[in-house]
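Each chain gets a letter, A, B and so on, in the order the sequences are listed, and its residues count up from 1. Computed from a predicted structure; not experimentally measured.
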2 protein chains.
Amino acid sequence: MAASLLLGTTGFAQTPFINTLMPQPVALQPATGDLAITPQLKITLKGANDPLLRQAAQRMVTKLEQHTALPLTTALVDDSHASIQIDVVDHSQQRPMDGVDESYTLNIQNGTATLHAQTDFGAMHGMETLLQLIQGEGSSYVIPAVHIEDSPRFPWRGLLLDPGRHFLPIDNVLRTLDAMAAVKMNVLHWHLTEDQGFRIESKRFPKLHELGSGGQYYTQDQVRAIVRYATDRGIRVVPEFDIPGHSSTWMIGYPELASAPGPYRVEEDNRIYDAAMDPTRESTYRFLDSFLEEMTSLFPDEYIHIGGDESNGKHWRSNPEIERFMQQHNMKSTNELQTYFNSRVQKLLTRHHRRMVGWDEILQPDLSSEVVVQNWHGIEFLIDGARRGHKGILSKPFYLDHHYSAEEMYAVDPVPSGNGLTPAQKKLILGGEACMWGEQVDFRTVDSRIWPRTAAVAERLWSPASVHDTQDMYRRLAVISLRLDDLGVTHLSNPTRGMRQISGGDTDALQIFASVVQPVDFHERYKEQHTSATTPMTNIIDFTVFDPLSRNHFRELVAAYLQSSAREDIARHTKDRAELENTFHHWLSAAQQLSMQSQANPKLANIAQRRLQWMQLASLGLQAMALIEAKQPADPAWFNAQQSLLKASADPTELVDFVALGPLNELLKATSQPATGL
Amino acid sequence: MAASLLLGTTGFAQTPFINTLMPQPVALQPATGDLAITPQLKITLKGANDPLLRQAAQRMVTKLEQHTALPLTTALVDDSHASIQIDVVDHSQQRPMDGVDESYTLNIQNGTATLHAQTDFGAMHGMETLLQLIQGEGSSYVIPAVHIEDSPRFPWRGLLLDPGRHFLPIDNVLRTLDAMAAVKMNVLHWHLTEDQGFRIESKRFPKLHELGSGGQYYTQDQVRAIVRYATDRGIRVVPEFDIPGHSSTWMIGYPELASAPGPYRVEEDNRIYDAAMDPTRESTYRFLDSFLEEMTSLFPDEYIHIGGDESNGKHWRSNPEIERFMQQHNMKSTNELQTYFNSRVQKLLTRHHRRMVGWDEILQPDLSSEVVVQNWHGIEFLIDGARRGHKGILSKPFYLDHHYSAEEMYAVDPVPSGNGLTPAQKKLILGGEACMWGEQVDFRTVDSRIWPRTAAVAERLWSPASVHDTQDMYRRLAVISLRLDDLGVTHLSNPTRGMRQISGGDTDALQIFASVVQPVDFHERYKEQHTSATTPMTNIIDFTVFDPLSRNHFRELVAAYLQSSAREDIARHTKDRAELENTFHHWLSAAQQLSMQSQANPKLANIAQRRLQWMQLASLGLQAMALIEAKQPADPAWFNAQQSLLKASADPTELVDFVALGPLNELLKATSQPATGL
């Protein structure tokens, strides 16, 4: 006590603050006087408060309780001396929308926390930060004393879900919303209609979902529940009804919408179909007018996404009446016809008080500047659009069905330096969206493709551009991954279950294998497996993940080993060497165990070549280390053989790619160079 | 080929048959000619078939596909040459009911499978057997050639779920039904009303669920969906509306039902409340008449359970009008009054074409022999009831909130030998029910309390009494546990997730700890923690399980070690010794790691005493082994200290019990006996 008085502290316990926040806040300073979490904790909403805020606070209490196992059911009370005070200025905004203030300040000192925000939605972000601050300290939980000022860099921080290709049950959507809220994302882009499925109930046009979904669609009650759930968490729901292409399932029940006679069906293959709405008939617009009106009763958000991508114009070109229409209207290309279609649809949306979003393809010369363009053709089109006055959203670098690593996505800035935009033009770039296209995921695997990588995207879109330390990002990504697991996201539990199933219960060896591989990229899988809506997704490729956290760990380990070797830092090197050797020995014994397990196990038998290569790679590592330690030159024949091995191991086979080849190559290069043979 | 001709086989591949079936069938003989599962597999329903059977076959295809990752979407066809032929004689029964024929025969030979059953429900059981037969063989899957004749020993093979105490979301109920079907259970006993919650929507009396559930109840649409889902899987749904006691939540909205003035509320504590319906007022029966009529529209099953347990009569004794009624009717005890109440309710049920089930307490002298008595006071009452002509169901030995091991439950026979019943009386014992009372489980933990133990109960109720090999049961229990995991049951994934959360990601040490402990028993937990509806269930006790499979494994290992030691079987002993020593070393290093992890981890800090004892127990094991190996007498002081350690370790503390003490005591006893000190 005396010491703390001398130091000017208050006598409150002080815990070293470990920053595991994701996304990083704009500003954070340590303060004095941690907040202890005890069963006596009280939380108060100051002044006027509303159900939206109260429910959010109640959810925070439930999570606190779950995390600490302390009974806090009655923590939320009206008590001006409560140790957590939440103070929101303005409750008038009851759903997240353009221009909403998402900022908050969080002040933990002298054993109390004060969360201050302009809106309920800012307060929700602050509550998520509060939850992320909790630390264990001996047998107690504390929230360390810090002062945080925070607000998002971009207003549009989205995630696209695509139940069109593989239907995602309600629970799946709900837990995704929980996860989004945890990393402060605020837009669910819901791709509801596709050639492979029409996933939303229409009461006006029931043949859409009845004939277009194989029975797998969201009822209107369910849609309302999901929108409510999202709104409660500060997340907007922007539905996408993809037109005029990607529309086979509209035409099964309503062939009069089509440009070609059909017949149409729910498609299974993952390719681009020619089906396209007929943009020349007034009846098409009457249908869309009525349909969109119905949808606005379900989706309160100001935006509706009309897709507009990959409409190849073939059915338009092959329809004489459409050809005639184009001639009459002096249209030289199907692009011009699509622009006409878009402008008609935009007028309908305006009538229903909605603004239009569409993919790159809609960005034609006459496009209204009211329309938001979602970029997937390359960031140069986004910049160009902004220059021409269009609002835009960046997507392509965040495509989650591709093998982009967390660090690759993290390195992308939607407003890159050297863009040449004026400050006003920069503001037109609203943010970005991670896109979870559904061709190669199902309800089991989808979480493990989204998370934790998307948390890196969330940080890119929330935090200042100056936050870009990759290693610090990976450190915090491991923590957020565990937090999302606690929310019920299945990105850890489903792969673990899958590996239990494949291995017959003892997953040790398979887990180690999964630490050195990732699924092949989207196109490679399509090439090898011709994935369709009926491809079973219970194989090893489905239970491994893109950019496993072990990838970065191994790379860092090899780098540390080579560095401590070069620096002749003996103590450090002894430790690095032991860990790296240990890793390679684990690989060898795991590969041997997999070989035994594979004898009565077809799914393991299917990775025989990778297993063999893996053993060779482990040997490469151990032999390279032996040479490095002995400072002996590598035998040229051996060196060349290892280079061939690395090259062969990089070839696609058996649906998984090694993620450890780069560091292994570094290790190989670090062996004393062999005689060149000259 | 020549060899197979000589042996009289057909040239079909032949896999050694590994029997992992659970429950065991009545008769099984190996045959010749495995059925290979390939993408060309075809399955046909012979002759007339109905949607019930077709859906069941489609579910089997989906599971086959999931298990093998072979594309089988189009396997179900009309093809008389299909390699799986399903032949059902009589489709007239469209829901499972008393007397339904559940038998089937399954014949796999010459590369084809024939499943024959009298009813759709028998065929469903056969399909589950077929799925359990699948084996991997190199890079292929096969169904080994066998001939199976099978039918259940008891017609009532139930599981009680209690959402009254902790609400269980729909998904939870659905996956439980999937699991029940997998082990051929056929009755879901759904305990829907309790002092702690009224969990079903009533349109006639909406204040029941509106005021009695805290918003957590099943809507009628959801109930219909669940009953449909169960029926589709051959499972009856018997709802329980517990009256006249356990009824606080009825009286919140309808105090006129009560015997005392109230007020009433949704209770949180887990104790017996005095609330009781007033059995003397006609209005009570009019209410129940209308309510039960409404419920019969949701539950087609011929049985309705009216509870009747733990009605303590206090409110009846304290109500002068009820006292007067008892005097007028010459009733000497509240038991007699409850018998009167039961007979009135039974008349209502009869009017609505339903038969009554109730707990032991309803078995009073005048009880109609139509009524089925569910036994929880001890099997002697069940036997006695049968002797007096009452149908009965055994429950108490299968209470899943208690720490009964799988083998303890497996050893219980509902019709034990030496029962003195006539064959007709024996038939009155319909079967049994595993009861998952809800006080100390929530939606996270409930699966891990039910499974896999309940599969042992399912086998006891299905298979012949002669099937009782405990070690064979445990061998197959490990396999069925993994199969249930594949169905989405969370008994493995949820504890694993919980341990990830508690350990901060690296679960190795905690998993080893979980292999040597189980939760304390129901009453002990209640005593230590005073569990209520608001007790958080995210602690170590919640992520450990009763009778972990490791318990039996460790016991067998110690027994094998001692046996090979006594027999001086050196080769065997060397192996056993290494494995056992290894186990103790793992305990030690895991305990040390837990100690490190616990420094910033309150939940781990909470098991400090158990962790210390565990290290001492590991030392006990290693030291006892050293003495046994050296054939040295134990030092008496050391021996006594170890006995004290075992005794202290058996005391309840920190909410978990060791499951390894018995074998450790065997090990200690096997050290050469110390000098007695005489």
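- Contacts of B:Leu604 with chain A are absent, with no heavy-atom separation under 4.5 Å from either backbone or side chain.
- Heavy-atom distances place both the backbone and the side chain of A:Glu65 under 4.5 Å from chain B.
- Here the side chain of A:Gln216 pairs no donor or acceptor atom with the backbone of A:Phe167 at under 3.5 angstrom.
- Of all the listed residues (B:Gly488, B:Ser481, B:Gly505), the one sharing the greatest number of non-hydrogen pairs under 4.5 Å with chain A is B:Gly488.
- Annotation: side chain of A:Asn552 is not in contact with side chain of A:Leu549 (no heavy-atom distance under 4.5 Å).
- A donor-acceptor pair is defined here as one N or O able to donate and one able to accept, closer than 3.5 Å; such a pair exists between the side chain of B:His586 and the backbone of B:Asn582.
- The choice from A:Ala69, A:Pro169, A:Ser598 that makes the most heavy-atom pairs within less than 4.5 Å of chain B is A:Ala69.
- Interface remark: A:Asp171 contributes side-chain atoms only to the contact with chain B (heavy atom separation under 4.5 Å).
- Judged purely by atom type and a 3.5 angstrom limit, A:Gln135 uses its side chain to pair as donor or acceptor with the backbone of A:Ile18.
- Surrounding CZ of B:Arg224 are more than 12 heavy atoms belonging to other residues, nucleotides or ligands, all under 6.0 Å away.
- In this structure, A:Gln597 contributes its side chain and A:Thr507 its backbone to no donor-acceptor pair below 3.5 Å.
- Contact tally against chain B (heavy-atom pairs below 4.5 Å) for A:Gly138, A:Pro71, A:Gly136: the top residue is A:Gly138.
- For A:Ala605, the part sitting under 4.5 Å from any heavy atom of chain B is the side chain, from C-beta outward, and nothing else.
- Annotation: maximal heavy-atom pairing with chain A below 4.5 Å, among B:Met537, B:Arg483, B:Gln599, occurs at B:Gln599.
- Side chain to side chain, B:Gln501 and A:Asp485 meet the donor-acceptor criterion of an N or O pair below 3.5 Å.
- Ranking B:Ala608, B:Ser532, B:Ser139 against chain A, the residue ahead of the rest is B:Ser139, based on heavy-atom pairs under 4.5 Å.
- Among A:Gly498, A:Ala478, A:Ser493, the residue with the largest count of heavy-atom pairs under 4.5 Å with chain B is A:Ser493.
- Paired with B:Asp542 under the rule salt bridge (Lys or Arg N to Asp or Glu O under 4.0 Å), one option of B:Lys603, B:Arg497, B:Arg444, B:Arg525 passes, and it is B:Arg525.
- Interface remark: A:Thr496 contributes side-chain atoms only to the contact with chain B (heavy atom separation under 4.5 Å).
- Only the backbone of A:Leu70 comes within contact range of chain B, with at least one heavy atom under 4.5 Å from a heavy atom of that chain.
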Apply side chain to side chain contact (heavy atoms under 4.5 Å, CB included) to B:Thr534 and A:Thr74, showing your working.
CA-CA 9 Å; B:Thr534 63; A:Thr74 58; over 6 Å; no

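- When B:Asp486, B:Thr68, B:Thr73 are compared by the number of non-hydrogen pairs under 4.5 Å with chain A, B:Asp486 comes out ahead.
- Put simply, of B:Asn494, B:Leu482, B:Asn539, the one with the most heavy-atom pairs under 4.5 Å next to chain A is B:Leu482.
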